[in-house]
Amino acid sequence: MYRCPLCQHPLLANDTGLQCQNRHQFDRAREGYFHLLPVQQKKSLTPGDSAEMIQARRAFLEAGFYQPLSDAVNQLFTTALASDTTASTAPVLLDIGCGEGYYSNRLAQALPELTLYGIDISKAAVKAASKKYPKLHCAVASSYQLPFADSSFDLVLRIYAPSEPAELARVATPGAWLLTVTPAPEHLVELKQQIYSQVRLHPQAVQQQQGFHHHKRQQLSWLFQPKAAAELEQLLQMIPLGYKFNAELKAQLCRDLPAITLDFYLDLYQRDSSA
């Protein structure tokens, strides 16, 4: 399943982890994950979300504030698998940008026949996911250089994470399903109005994915009404927009507790069967 991020040869299991024929060794962490992000692929010393951001995201997600999104992801994959007469009886899914494992874990509960792999560039995120959800196969890795063999996955999930389209097509089996989640126009618009004099809405165009054809789009929107300052603080800590709020503005928001629009596009694609 795994391939070496340095030379692209298959990685085989040994007593301590994984090794390729060129003797590139990747040890298994105590929590069970692999670190497959060589220094050549890093853009900083500790890329990705920090442990504090991961802790805030886990608390927010486990409180159920994004459960409608998770439920929609589960339903779309369930329907896609049910409609595909050629689908594997034991499908394998890759969660790109898996974070602390919330969406992967809920997918595992909804579709227990799945085998799930997850990658994230954040070591803190992968460590947290592996520690809490040992059934997930997790690795610290780049989404632009996926450390997996060709045609490894029947399902691919990408929530917000950046990626390289050609890499997604490479690791997907013919007929595989790709589900992407991106912000729809009104997402977090109330927070943006606090920062920008002119708010630019997120684009509506469907992004083309190399090697896939677009199957359907679902827009999912609801209002998040924080009932306590801690809930709003967690949201601000887990979104990139949160960095733009100074202490004074954060304090004002935590006093006012405004309702905030959550607005998502879920786009389902299918890998070309002739690939």
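Residue numbers start at 1 and run along the sequence shown.
Legend: residues meeting salt bridge (Lys or Arg N to Asp or Glu O under 4.0 Å) with R106, ordered by chain and number and at least two apart, are D71. For D267, the side-chain hydrogen bond (donor to acceptor under 3.5 Å, both in side chains) partners are H214, R217, not counting sequence neighbours. Applying the salt bridge (Lys or Arg N to Asp or Glu O under 4.0 Å) rule to K132 yields the partners E62; only residues at least two apart in sequence or on another chain are considered. Residues meeting the ring-ring contact (aromatic ring centres under 6.0 Å, His included) test with H35, sequence neighbours left out: none. Not counting sequence neighbours, E186 has no partner by the side-chain hydrogen bond (donor to acceptor under 3.5 Å, both in side chains) test. Listed by chain and residue number, nothing satisfies the salt bridge (Lys or Arg N to Asp or Glu O under 4.0 Å) test with D95 (two or more places apart in sequence, or in another chain). Remark: F34 engages Y2 in a ring-ring contact (aromatic ring centres under 6.0 Å, His included) (not counting sequence neighbours).
Judged by distance alone, the side chain of D154 and the main-chain N or O of V92 form a donor-acceptor pair under 3.5 Å. Distance alone, capped at 3.5 Å, places no donor-acceptor pair between the R271 side chain and the L168 backbone. Under a 3.5 Å cut-off, the side chain of S143 and the backbone N or O of P162 do form a donor-acceptor pair. Not a single donor-acceptor pair under 3.5 Å links the side chain of S130 to the backbone N or O of K127.
Under the salt bridge (charged side-chain N to carboxylate O under 4.0 Å, His left out) criterion, no residue pair touches residues 17-26, with sequence neighbours excluded. Pairs of residues two or more places apart, or lying in two chains, that qualify as salt bridge (charged side-chain N to carboxylate O under 4.0 Å, His left out) and include a residue from residues 158-184 are D150-R170, E167-R170. For residues 220-236, no pair satisfies salt bridge (charged side-chain N to carboxylate O under 4.0 Å, His left out), with sequence neighbours left out.
Between F65 and the choices Y102, F224, W222, the ring-ring contact (aromatic ring centres under 6.0 Å, His included) rule is met once, by F224.
In this structure, Y243 shares a hydrophobic cluster with M53, the cluster being traced through Ile, Leu, Val, Met, Phe, Trp and Tyr side chains under 4.5 angstrom apart.
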Under 3.5 Å, which donor-acceptor pairs link side chains of residues 199-213 to any protein atom two or more places apart or in another chain?
from : atom 1 : to   : atom 2 : distance (Å)
H202 : NE2    : K192 : NZ     : 3.1
H213 : ND1    : Q270 : O      : 3.3

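Residues I260 and Y160 are members of one and the same hydrophobic cluster, defined by side-chain heavy-atom contacts under 4.5 angstrom among Ile, Leu, Val, Met, Phe, Trp and Tyr.
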